[in-house]
Structure formats: C-alpha cells, structure tokens
Amino acid sequence: MMTDFINASIGGLLIAFAAILMLAFLGRISGISGILWQAISNPDNSPISSNGWRWFFLAGLLIGPFLAHQVLGFSQPEPSDAGLIMAIVAGLLVGFGTKLGSGCTSGHGICGISRFSIRSLVATLCFIGSGVVTVFITQQLL
Amino acid sequence: MFQIIALIAGTLFGLGLAVSGMSDTQKVIGFLDIFGHWDASLMFVMAVGIAATAPAFHFILRRSKPLIADKFYLPCNTAIDKKLLLGSALFGIGWGLYGYCPGPAIASLSYLNIDSAAFVASMLAGMFVANKAFPA
C-alpha cells in the first residue's frame with residue numbers, strides 16, 4: 001500500500017518534469033487530448049513537418065510504459081474486464097468530452113491548475129466529480 | 001531539436017503514467033470510488049505533479065520566451081461556459097466507466113490489447129464528432 005503512494009508520487013514528479021520540459025523548451029502546454037487532436041486533425045502537423053513534434057511526444061507515451069514494465073520491472077496492469085462495447089462507449093465519451101471541454105487530466109488537471117487557471121480548476125472538479133458519481137453508480141448501485 | 005525534446009518529454013510522461021498506476025484501469029476506478037473501497041494513492045499523482053509544476057511554470061513564464069521556440073503558446077480562453085462544463089462532465093463519465101483518460105489510453109496501446117485500441121479509436125471518433133457538432 002505504501003509502495004502505491006510512493007509510485008504515485010514518483011509518477012507525478014515524472015509527469016511534472018515532462019510538462020516543465022515542454023513549457024521551458026517549446027513553450028507548449030502538455031495537454032494530451034489537445035496534442036492528440038492537433039496531431040491527427042491538422043495535416044500541417046504531420047510527423048515529418050517542422051510541427052511534427054506532437055507525434056514524437058505521442059510516440060514517447062508508448063515508449064515510457066515499455067521502459068517501465070519491460071526494463072524497470074514495474075508490473076504491467078491487468079487489462080480491463082469491462083469489455084469491448086464499454087471500451088467503445090467510454091472512448092466516445094472521453095473523446096467528445098475532452099474536445100468539447102478543451103482538455104483532460106493533464107492539460108486542465110496538471111498544467112492548467114499549475115497556471116492557477118480558474119477555468120481549468122472548474123473543469124478538473126467537474127470531471128473528477130462526474131467520474132466519482134459514475135463509479136458510485138457502477139460500483140455501489142449496479 | 002523540437003522533436004527530440006518532445007520525444008524525451010513524452011517518454012517521461014508515459015513512464016510517469018505507468019509507474020504511478022494511472023494506466024491501470026482498476027486502480028483509477030478505485031481512486032474514483034470514494035464512497036466504496038477508496039484507493040487514495042492516485043491523488044498523489046496530481047498533488048505532487050501540481051506541487052512540482054506550479055513553481056516551475058511560474059519561473060519559466062517570467063522569461064520573455066521559451067528556450068528554443070519563438071513564444072509561449074498558452075490557452076487564452078478563460079470562459080467558464082456550458083461547453084467547458086458539459087464537456088468535462090461527459091469526459092468524467094467515460095473516465096469513470098472504463099478507467100482511462102486520454103494519456104493512459106494512448107500509453108496503453110503499448111500493451112497491445114484490442115480493447116485499448118478500440119478505446120483510442122473511439123476516442124478519436126468522439127473528438128471528430130465534437131468538432132463537427134460544436135465548431136470552435
């Protein structure tokens with residue numbers, strides 16, 4: 001249990017370090033939903049263009065867990081047993097919601113709150129709140 | 001140079017997600033289950049993340065520009081409107097239903113799991129629908 005808190009804190013530091021590097025060097029906010037949307041929706045941001053840094057960031061998101069589990073020996077999480085249909089429904093909600101709300105856990109939750117943005121604080125309280133209500137319904141009521 | 005920094009930052013970010021437990025759907029649902037068997041550990045991801053990021057951002061943003069880019073690209077929208085509230089609320093429902101927010105969903109592609117890939121494909125579809133339904 002104590003290990004969970006230590007790993008969560010180390011993970012938080014690593015994420016912070018990534019966000020700090022991005023702002024200090026590129027002047028960019030590390031908001032994953034925004035980076036993903038800009039990468040896929042705008043042909044000007046193709047991987048080979050000078051704006052292609054977004055694809056390199058996204059590639060890193062895949063390399064990081066590989067290092068954690070295969071090299072550093074952190075155990076790989078069990079796959080979700082929620083099923084394919086739930087993955088599709090939840091994925092739609094997450095994609096639609098983060099696009100409409102202009103951000104997710106990283107952009108609003110870490111970077112926005114760190115800039116003391118009230119808008120991001122409200123968004124964060126909103127998605128954590130609705131996540132808590134959703135889990136209360138699925139875990140406690142159903 | 002942009003690409004190298006972004007690759008390093010993305011790798012650190014993905015490492016952080018995997019080490020912290022954010023890419024573990026059961027752990028995330030446990031974190032949101034505050035009225036049940038609450039697993040508070042993931043709160044430290046955000047708490048430590050903000051505690052380290054906030055002071056660093058403060059000092060970085062006192063500079064006139066970033067180290068290798070021409071300017072800072074910061075969101076300028078401060079409106080707390082229906083789009084922000086509705087979008088964030090819907091995002092939270094999806095997050096609670098499955099346990100993935102966008103970062104961990106992308107990171108989980110490295111686990112080569114069909115359901116994770118379907119989640120990401122569906123997430124992209126959701127973004128396109130939102131963009132069509134509510135153009136900026």
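We name chains A, B, ... by the order of the sequence lines, and we start the count at 1 in each one.
Nearest heavy atoms, P47(A) versus Q3(B): O-NE2, 4.5 Å. Closest non-hydrogen pair, M46(B) versus G109(A), comes out as CE-CA, 3.8 Å. Residues F127(A) and S88(B) approach most closely at CB-O, 3.1 Å, considering heavy atoms. Contact detail for A118(B) and L84(A): the closest heavy-atom pair is CB-CD1, 3.4 Å. Residues G83(A) and D115(B) approach most closely at C-OD2, 3.5 Å, considering heavy atoms. What you find for A18(B) and H69(A) is that their closest heavy atoms are CB-NE2, 3.7 Å.
With hydrophobic clusters built from ILVMFWY side chains whose heavy atoms lie under 4.5 angstrom apart, I106(B) does not share a cluster with F66(A). Linking Ile, Leu, Val, Met, Phe, Trp and Tyr residues whenever their side-chain heavy atoms come within less than 4.5 Å places L67(A) and I8(B) in a single cluster. Tracing side-chain contacts under 4.5 Å through hydrophobic residues (I, L, V, M, F, W, Y), one never reaches I85(A) starting from I114(B); they form parts of separate clusters. Under the 4.5 Å side-chain heavy-atom criterion for grouping Ile, Leu, Val, Met, Phe, Trp and Tyr, I128(A) is not connected to V122(A) through any hydrophobic cluster. L125(A) and F116(A) sit in two unconnected hydrophobic clusters of ILVMFWY residues. Membership requires side-chain heavy atoms under 4.5 Å apart, directly or through other members.
Between S114(A) and I50(B) there is a side-chain heavy-atom pair separated by less than 4.5 Å. Within the 4.5 Å cutoff, side-chain heavy atoms of F57(A) are placed close to those of F13(B). Annotation: side chain of Y111(B) is in contact with side chain of P77(A) (closest heavy-atom distance under 4.5 Å). In this structure the side chain of L23(A) reaches within 4.5 angstrom of the side chain of L74(B), judged on heavy atoms. Between V94(A) and P102(B) there is a side-chain heavy-atom pair separated by less than 4.5 Å. M123(B) has its side chain out of reach of L92(A): every pair of non-hydrogen atoms, C-beta onward, lies at least 4.5 Å apart. Contact annotation: the side chain of F31(B) never approaches that of V135(A) to less than 4.5 Å [non-hydrogen atoms, C-beta and beyond]. Contact of the F44(B) side chain with the D4(A) side chain is not registered, since no non-hydrogen atoms from C-beta on lie closer than 4.5 Å.
Of the listed residues F35(B), F2(B), W95(B), Y98(B), the one with more heavy-atom pairs under 4.5 angstrom with chain A than any other is Y98(B). Top candidate by heavy-atom pairs under 4.5 Å with chain B, chosen from A90(A), A16(A), S75(A), S33(A), is A90(A). For the set G129(A), A123(A), A8(A), G101(A), the entry with the most heavy-atom pairs within less than 4.5 Å of chain B is A8(A). Note: T98(A) leads T98(A), I29(A), N51(A) in heavy-atom pairs under 4.5 Å with chain B. Of the residues considered (M43(B), R63(B), K27(B)), K27(B) shows the highest number of contacts with chain A, using heavy-atom pairs under 4.5 Å. Ranked by heavy-atom pairs under 4.5 Å with chain A, the list V48(B), D39(B), L90(B), V19(B) is led by V19(B). Between chain B and the options G97(A), G91(A), G12(A), S80(A), heavy-atom pairs under 4.5 Å are most frequent for G91(A). Between chain B and the residues A82(A), A19(A), G31(A), S41(A), the largest count of heavy-atom pairs under 4.5 Å involves A19(A). Interface remark: of the candidates I60(B), L124(B), L32(B), L32(B) forms the most heavy-atom pairs closer than 4.5 Å to chain A. When each of V133(A), L14(A), L61(A) is scored by its heavy-atom pairs under 4.5 Å with chain B, the top score falls to L61(A). By number of non-hydrogen pairs under 4.5 angstrom with chain A, the leading residue of L61(B), D70(B), I4(B), L42(B) is L61(B). Chain A forms the most heavy-atom pairs under 4.5 Å with one residue out of L84(B), V28(B), D24(B), and that residue is L84(B).
Rounded to the nearest 0.5 Å, atoms CZ (R28(A)) and CD1 (I5(B)) are 14.0 Å apart. Atoms OG1 and CZ, from T53(B) and F17(A) in turn, are 11.5 Å apart once rounded to the nearest 0.5 Å. Here the CD1-OG1 distance, from I118(A) to T78(B), works out to 10.0 Å after rounding to the nearest 0.5 Å. To the nearest 0.5 angstrom, I93(B) atom CD1 is 8.0 Å from I137(A) atom CD1.
Residue pairs meeting the ring pair (Phe, Tyr, Trp, His ring centres under 6.0 Å) criterion with at least one member in residues 54-89 of chain B: none, sequence neighbours excluded.
With a 4.5 angstrom heavy-atom cutoff, S9(A) touches chain B via backbone and side-chain atoms both. Neither the backbone nor the side chain of A51(B) comes within contact range of chain A, judged by heavy atoms closer than 4.5 Å. At a 4.5 Å heavy-atom cutoff, the contact between S23(B) and chain A is made by backbone and side-chain atoms alike. The part of T124(A) that comes within reach of chain B is its side chain, from C-beta onward, which places non-hydrogen atoms under 4.5 angstrom from that chain. In this structure, the portions of F5(A) lying under 4.5 Å from any heavy atom of chain B include both its backbone and its side chain. If you measure heavy-atom distances from S49(A) to chain B, the contacts under 4.5 Å come from the backbone alone. If you measure heavy-atom distances from T105(A) to chain B, the contacts under 4.5 Å come from both the backbone and the side chain. T134(A) touches chain B through its side chain: at least one heavy atom from C-beta onward sits under 4.5 Å away, while N, CA, C and O do not. For a residue to count as touching a neighbouring chain, one of its non-hydrogen atoms must lie under 4.5 Å from one of that chain's; by this rule T25(B) touches chain A with the side chain only. At a 4.5 Å heavy-atom cutoff, the contact between A107(B) and chain A is made by backbone and side-chain atoms alike. With a threshold of 4.5 angstrom between heavy atoms, K65(B) does not approach chain A through any atom at all. Heavy atoms of L72(A) lying under 4.5 Å from chain B belong exclusively to its side chain. Within the 4.5 angstrom heavy-atom criterion, only backbone atoms of Y100(B) (N, CA, C, O) approach chain A. Proximity to chain A involves both the backbone and the side chain of P75(B), based on heavy atoms less than 4.5 angstrom apart.
Counting only distance, with no hydrogens or angles, the side chain of S20(B) and the backbone of G11(A) share no donor-acceptor pair below 3.5 Å. Put simply, the side chain of R119(A) never gets that close to the backbone of I80(B): no donor and acceptor are under 3.5 Å apart. A donor-acceptor pair under 3.5 Å is formed between the side chain of S122(B) and the backbone N or O of I88(A).
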Test side-chain contact (heavy atoms from CB on, under 4.5 Å) on I63(A) and L7(B) and set out the steps. CA-CA 9 Å; I63(A) 298 169; L7(B) 185 65; 3.9 Å; yes
Mind running side-chain contact (heavy atoms from CB on, under 4.5 Å) on L36(A) and M127(B) for me, showing each step along the way? CA-CA 10 Å; L36(A) 177 66; M127(B) 288 179 168; 4.0 Å; yes
Go through the steps to decide whether T138(A) and L97(B) satisfy the test side-chain contact (heavy atoms from CB on, under 4.5 Å), and finish with yes or no. CA-CA 8 Å; T138(A) 59; L97(B) 282 177; 3.9 Å; yes
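Looking at residues two or more places apart in sequence or on another chain, you find no salt bridge (charged side-chain N to carboxylate O under 4.0 Å, His left out) involving D33(B).
Sparse packing is recorded around CD of E78(A), with 12 or fewer heavy atoms of other residues, nucleotides or ligands lying under 6.0 Å away.
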